[in-house]
Amino acid sequence: MSVDVDKSAQPPADAPPPQPEPIKAIPVRHYGRWVAALVVIALLAALGRAFATGDVNWNAIPQYMFNGDILKGLRNTLLITVLSMIIGVVGGVILAVMRQSKNPVTSTVSWFYIWFFRGTPVYVQLFLWFNLGLVFHYIDIMPIYKDEWSDFMTPFLCALLGLGLNEAAYMAEICRAGLNAVDEGQTEAAHALGMSHGKTLRRIIVPQAMRVIVPPTGNEVINMLKTSSLVVAVQYYDLLQAAQNVGRDSGVVVEMLILAAAWYLIATTVLSIGQYYLERYYARGASRQLPPTPLQRLRAKLAGGLNRAGGAA
């Protein structure tokens, strides 16, 4: 039995194989996302309307933005933040090294310091420093300095010691975590080359530990800037105290608190940008190629848009 085959319907032998039809991908519709977005927009609109129609004198905020008393309080806040962080970082490094020491006395003292200052609120510590005159009537550093405690412990010094010594306890744990993150082989190799323990820390361990130490330290700086508002308890003139004084004298108390919050936001934004670039600096040895910065991404997008426009023209 034979079957007739229509050879004209078959493609020639040298013809390319038939191409498959392109796949038409139909995106899945996420209706829940649209509903959630509408709910969030509605809540934000209601919140904005409440603030816009509230009994708030918004014109007073730009009017007092660069007031002399406000700027003086801002300057004092930044000053106490920087000095307190210097004390905290230096003290934290010393306490971290003491904590890892094989000497039981120094390691125990470091542990007790960290336990005490981490376990008590900063607000309480500020009051303790302010009222230590009940215990120490005089400060006598023969033959350098001698005075009554009430004259020695000024509001500035009280705020500086209260914030700086408390921060040292937290920085000690951050530094200890960074030092422990470095492989022990690095220390052994340095000692095999004849380096002392101190030189090994300075040249080998600490530079590698900075990649781990910098991010939480940046968070501590921002947190210190906000925590500095507690120094109003010891009568130190900071941004919050200045805003309260100006608001009480001018009758715009809430508006000055909003102004203080705006200045805190500006300062924390600047510190966050500095933290970002500092982290990139210490991440050079850990990443082969660093991701582009936001400014670099923006320039790339602008350059890509100009190139597409030129090609279309």
Side-chain angles (χ1 to χ4, degrees), residues 74-75 77-100 110 114 117-118 122 160 163-187 189-190 195 197-230 238-239 261-304:
L74 177 62
R75 183 176 65 252
T77 294
L78 296 177
L79 176 64
I80 201 69
T81 299
V82 172
L83 295 180
S84 299
M85 282 306 305
I86 292 175
I87 294 177
V89 171
V90 174
V93 172
I94 296 174
L95 289 170
V97 174
M98 291 173 60
R99 183 76 181 274
Q100 292 186 321
S110 175
I114 296 171
F117 281 94
R118 290 177 64 193
V122 183
L160 182 62
L163 296 178
L165 297 182
N166 178 79
E167 183 61 31
Y170 290 91
M171 285 303 305
E173 292 298 284
I174 294 175
C175 294
R176 186 171 67 89
L179 296 176
N180 291 336
V182 181
D183 189 78
E184 293 182 1
Q186 302 285 334
T187 303
M195 289 187 178
H197 184 67
K199 193 172 184 179
T200 302
L201 282 174
R202 294 193 309 270
R203 298 285 184 88
I204 306 298
I205 305 301
V206 173
Q208 297 184 63
M210 290 299 293
R211 184 173 58 88
V212 180
I213 294 174
V214 166
T217 302
N219 293 333
E220 287 297 316
V221 174
I222 295 174
N223 185 61
M224 175 63 72
L225 177 68
K226 298 181 295 183
T227 306
S228 64
S229 61
L230 296 177
D238 70 325
L239 177 58
W263 271 120
Y264 279 118
L265 285 173
I266 293 173
T268 53
T269 301
V270 174
L271 291 176
S272 299
I273 295 174
Q275 176 187 352
Y276 172 79
Y277 283 99
L278 191 61
E279 290 180 11
R280 282 178 57 87
Y281 176 79
Y282 283 105
R284 294 178 302 173
S287 301
R288 294 181 180 273
Q289 184 176 2
L290 296 176
T293 64
L295 184 59
Q296 291 173 345
R297 289 196 295 265
L298 179 60
R299 289 176 177 174
K301 289 182 179 179
L302 292 176

Task: From CG (Asp238) to CG (Leu78), nearest 0.5 Å - done: 10.5 Å
TODO: Nearest 0.5 Å please: distance from the CD1 atom of Ile87 over to the CE atom of Met171.
DONE: 13.5 Å
TODO: Find the distance between CG (Leu239) and CD1 (Ile80) and round it off to the nearest 0.5 Å.
DONE: 13.5 Å
Task: Heavy-atom side-chain contact between Tyr264 and Thr77 under 4.5 Å - done: yes
Open item on the list: Do Ile174 and Glu220 make a side-chain contact, defined as non-hydrogen atoms from C-beta onward lying under 4.5 Å apart?
Closed with: yes
Open item on the list: I'd like to know if the side chain of Ser110 reaches the main chain of Leu95, judged simply by a donor and an acceptor atom lying under 3.5 Å from each other, with no hydrogens or angles considered.
Closed with: yes
Open item on the list: Looking at every heavy atom in both Ala169 and Arg118, which two are closest together, and how far apart are they?
Closed with: CB-CG, 3.8 Å
Task: OG1-CG distance between Thr81 and Leu160, expressed to the nearest 0.5 angstrom - done: 11.0 Å
Task: Separation between OG of Ser228 and CE of Met85, rounded to the nearest 0.5 Å - done: 12.0 Å
Open item on the list: Tell me the closest heavy-atom pair linking Ala96 and Cys175, and the distance in Å.
Closed with: CB-CB, 3.7 Å
Task: Pairs flagged by side-chain hydrogen bond (donor to acceptor under 3.5 Å, both in side chains) wherever residues 163-176 is involved - sequence neighbours left out - done: Arg99-Glu173, Gln125-Asn166, Glu173-Arg176
Task: Contact summary for Ala209 and Leu179, nearest pair of heavy atoms - done: CB-N, 4.0 Å
TODO: Could you list all the salt bridge (charged side-chain N to carboxylate O under 4.0 Å, His left out) pairs where at least one residue sits in residues 262-272, not counting sequence neighbours?
DONE: none
Task: Heavy-atom closest pair, residues Ile213 and Thr217 - done: O-OG1, 2.6 Å
Open item on the list: Are Val270 and Ile273 packed together at the side-chain level, in the sense that at least one heavy-atom pair is separated by less than 4.5 angstrom?
Closed with: no
- [ ] Hey, could you give me each pair passing salt bridge (charged side-chain N to carboxylate O under 4.0 Å, His left out) that has a residue in residues 266-277? Not counting sequence neighbours.
- [x] none
- [ ] Go through the steps to decide whether Met224 and Leu163 satisfy the test side chain to side chain contact (heavy atoms under 4.5 Å, CB included), and finish with yes or no.
- [x] CA-CA 8 Å; Met224 175 63 72; Leu163 296 178; 3.9 Å; yes
Task: Value rounded to 0.5 Å, distance of OG in Ser84 from CG in Leu225 - done: 11.0 Å
